[in-house]
Number of protein chains: 2
Amino acid sequence: MISQSRNSEKEKELLSAALELFVAYGFHGTPTSKIALQAGVANGTLFHYFKTKDELVLALYVDIKQKMSTYLEEHVLPETTLAGKFRAIFTNSMQWALANKTSFQFLQQFQTSPYLSRISPEETLGQVKDHLMLIQLAVDEGFFKPKPPELILTMVMGHIFGLFQYLCSSDFTNDEQNKVIEQGFEMLMAMLK
Amino acid sequence: MISQSRNSEKEKELLSAALELFVAYGFHGTPTSKIALQAGVANGTLFHYFKTKDELVLALYVDIKQKMSTYLEEHVLPETTLAGKFRAIFTNSMQWALANKTSFQFLQQFQTSPYLSRISPEETLGQVKDHLMLIQLAVDEGFFKPKPPELILTMVMGHIFGLFQYLCSSDFTNDEQNKVIEQGFEMLMAMLK
DNA sequence: TTCTTGATTGACTAATCACTCTACAAATGT
DNA sequence: ACATTTGTAGAGTGATTAGTCAATCAAGAA
């Protein structure tokens, strides 16, 4: 219905404005008034959609996490082989991060901030469970070295963060970017196999 | 002199209190009044040592960076071989991070925050110049794969961050920790050689 | 039409914050 | 001894903030 789409629109505007401002000025460094202003709504409207500022921060985190997960699922599910799945997870994570730099920066910022503790351990676990299972499978089949899956996962994520920072630090053409991602994946595999 | 040592003491107290509170509640989430309280000094005293809150944040960053650098230099300089130097850099970075978790967490938080832009590029470059030169040397000698040193450096740092998070996520004995660090180094070398 | 419900507004408030200011104490220099 | 600088305190201030509230507005239901 029309009214609902209006609702979502303003909510989306608020989330989008919050994302930009949070990355630029930090969570506490961004007043709700500025968020409302940039979203083009009144002060009070923000609190109609989000009871508190904290709730807005958490909602933004969940929203971004979900968008990235959806993107990854779409691109990984079609892959049939283990190697194909890992390549898809890695390259598409990088592609998404580079295509959504602000969102990815927000994730980094959030995950190293005290806000992270507001996310329940179950929810955190749920987000990585699938990946852990896939890694376990790869270990069982001798595709990866026999290491704890959690160790492998954190290393892969560290790898992705590092590569992201490298690709953001200077200007690359799309071709160069893809080449670096490709090489980064090969190096990662050299480490894990 | 006595007065100077008193000065340093209060300044250190303030930096130490700020560190704990920043990691627990974030930069803007920590009022200067609470910092002064925890440091055991009056409100105004904080502003005698640091003109503004921002200056305190930056001073804390510089202080921690310098402590880590000093620690690394001490342990890396004695090494004579390339392999020895890299192993020393890696393992001692991990050791320092685990022995100074809060400090290391602060570095992570700071480096993913908008505050990072307050640090001049020259200063940032100065901090990594030595490492970049060492990597370049290793590439020239065929010790590492022929990749841009910046790429190798960000990957190593991503590796360290990942390993740090893994070792913080659950309880390990010292022996287990050292084993993981050792293995982590071997894997890193497998990737870079 | 009339009623109801939810969206929207922006002025308002109580609390909090970074920072100042004045006064005083302690150390240092001469 | 005296003067000067430096450290310390904590009440005070003006600005800012998250969140509230009473008042409209829009739109569908009866």
Side-chain angles (χ1 to χ4, degrees), chain A residues 1-61 63 106 109-110 113-115 117-118, chain B residues 1-61 63 106 109-110 113-115 117-118:
Chain A
M1 303 156 191
I2 293 170
S3 81
Q4 271 196 358
S5 89
R6 272 209 204 128
N7 290 357
S8 323
E9 259 172 47
K10 301 226 166 181
E11 200 176 328
K12 279 178 191 169
E13 285 291 332
L14 282 165
L15 286 172
S16 158
L19 171 61
E20 256 184 63
L21 293 168
F22 284 159
V23 170
Y25 305 108
F27 303 120
H28 295 276
T30 307
T32 52
S33 55
K34 289 241 174 72
I35 299 174
L37 193 72
Q38 173 146 341
V41 302
N43 241 322
T45 307
L46 188 152
F47 292 93
H48 175 72
Y49 289 101
F50 307 97
K51 274 199 283 285
T52 64
K53 189 185 179 183
D54 275 21
E55 193 174 284
L56 168 60
V57 175
L58 296 183
L60 183 57
Y61 175 74
D63 183 57
F106 175 84
Q109 202 171 316
F110 185 93
S113 84
Y115 275 100
S117 60
R118 307 280 189 88
Chain B
M1 303 152 190
I2 293 169
S3 80
Q4 272 195 359
S5 90
R6 271 211 205 127
N7 290 356
S8 321
E9 259 171 47
K10 301 227 167 182
E11 199 176 329
K12 279 178 190 168
E13 285 291 331
L14 282 164
L15 286 172
S16 158
L19 171 61
E20 255 184 63
L21 293 168
F22 284 160
V23 170
Y25 305 108
F27 303 120
H28 295 276
T30 307
T32 52
S33 56
K34 290 240 173 75
I35 299 174
L37 193 71
Q38 173 145 344
V41 303
N43 240 320
T45 307
L46 187 151
F47 291 93
H48 175 72
Y49 289 101
F50 308 95
K51 276 200 280 285
T52 64
K53 188 184 179 182
D54 274 21
E55 195 175 282
L56 168 60
V57 174
L58 296 183
L60 182 57
Y61 175 73
D63 182 57
F106 175 84
Q109 201 172 316
F110 186 94
S113 85
Y115 275 99
S117 60
R118 306 279 188 89

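Chain identifiers are assigned alphabetically (A, B, ...) following the order of the sequence lines, protein sequences preceding nucleic acid strands; residue numbering begins at 1 within each chain. What you see below is based on every heavy atom in this structure, not just the backbone, and it leaves out hydrogens, waters and symmetry mates.
OP1 and OP2 of D:dG7 both lie 4.0 Å or more from every side-chain N or O belonging to B:Thr45. A sub-4.0 Å separation between OP1 or OP2 of C:dA7 and a side-chain N or O of A:His48 is present.
One can place CG of A:Asp54 at 16 Å from P of D:dT17, the figure rounded to the nearest angstrom. Taking atom CG of B:Leu46 as the reference point, atom C1' of D:dG10 lies 13 Å away to the nearest angstrom. Spacing between atom CD of B:Glu11 and atom P of D:dT8 amounts to 10 Å, rounded to whole angstrom units. Remark: P of D:dA18 and CD of A:Glu55 are 15 Å apart, rounded to the nearest angstrom. Atom NZ of B:Lys10 is separated from atom P of D:dT8 by 4 Å (rounded to the nearest Å). Look at CG on B:Asn43: it is 9 Å from P on C:dA18, rounded to the nearest Å. The nearest whole Å value for the distance from the CZ atom in A:Phe47 to the P atom in C:dC12 is 18 Å. In this structure, A:Phe50 places its CZ atom 18 Å from C1' of D:dT20, rounding to the nearest Å.
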Exercise for the section: Using the side chain to side chain contact (heavy atoms under 4.5 Å, CB included) rule, take B:Glu13 and B:Val41 through it: C-alpha gap first, then chi angles, then the decisive distance, then the call. Expected result: CA-CA 9 Å; B:Glu13 285 291 331; B:Val41 303; 5.7 Å; no
Exercise for the section: Could you go through the side chain to side chain contact (heavy atoms under 4.5 Å, CB included) check for B:Glu11 and B:Phe50 one step at a time? Expected result: CA-CA 9 Å; B:Glu11 199 176 329; B:Phe50 308 95; 3.7 Å; yes
Exercise for the section: Check the pair A:Leu19, A:Asp63 against side chain to side chain contact (heavy atoms under 4.5 Å, CB included), reporting the backbone distance first and the verdict last. Expected result: CA-CA 11 Å; A:Leu19 171 61; A:Asp63 183 57; over 6 Å; no
Handout entry: Test ring-ring contact (aromatic ring centres under 6.0 Å, His included) applied to A:Tyr61 and A:Tyr115, step by step
Key = CA-CA 10 Å; A:Tyr61 175 74; A:Tyr115 275 100; 9.9 Å; no
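To the nearest 0.5 Å, atom CD1 of residue A:Ile35 and atom OG of residue A:Ser16 are 11.0 Å apart. For the atom pair CG of B:Leu14 and OG1 of B:Thr32, the computed distance is 10.5 Å after rounding to the nearest 0.5 Å.
The nucleotide whose nearest atom lies closest to any side-chain atom of A:Tyr49 is, among D:dA18, D:dT8, C:dT8, C:dT8.
For DNA chain C, none of the residues of residues 33-42 of chain B falls under the heavy-atom distance limit of 4.0 Å.
Using the six-membered ring where Trp is involved, B:Phe27 and B:Phe106 have ring planes that are perpendicular, over 60° apart on the 30 and 60° scheme.
Comparing A:Lys51 and A:Pro31 by the nucleotide of DNA chain D that holds the closest heavy atom to each, the one mapping nearer the 5' end is A:Pro31.
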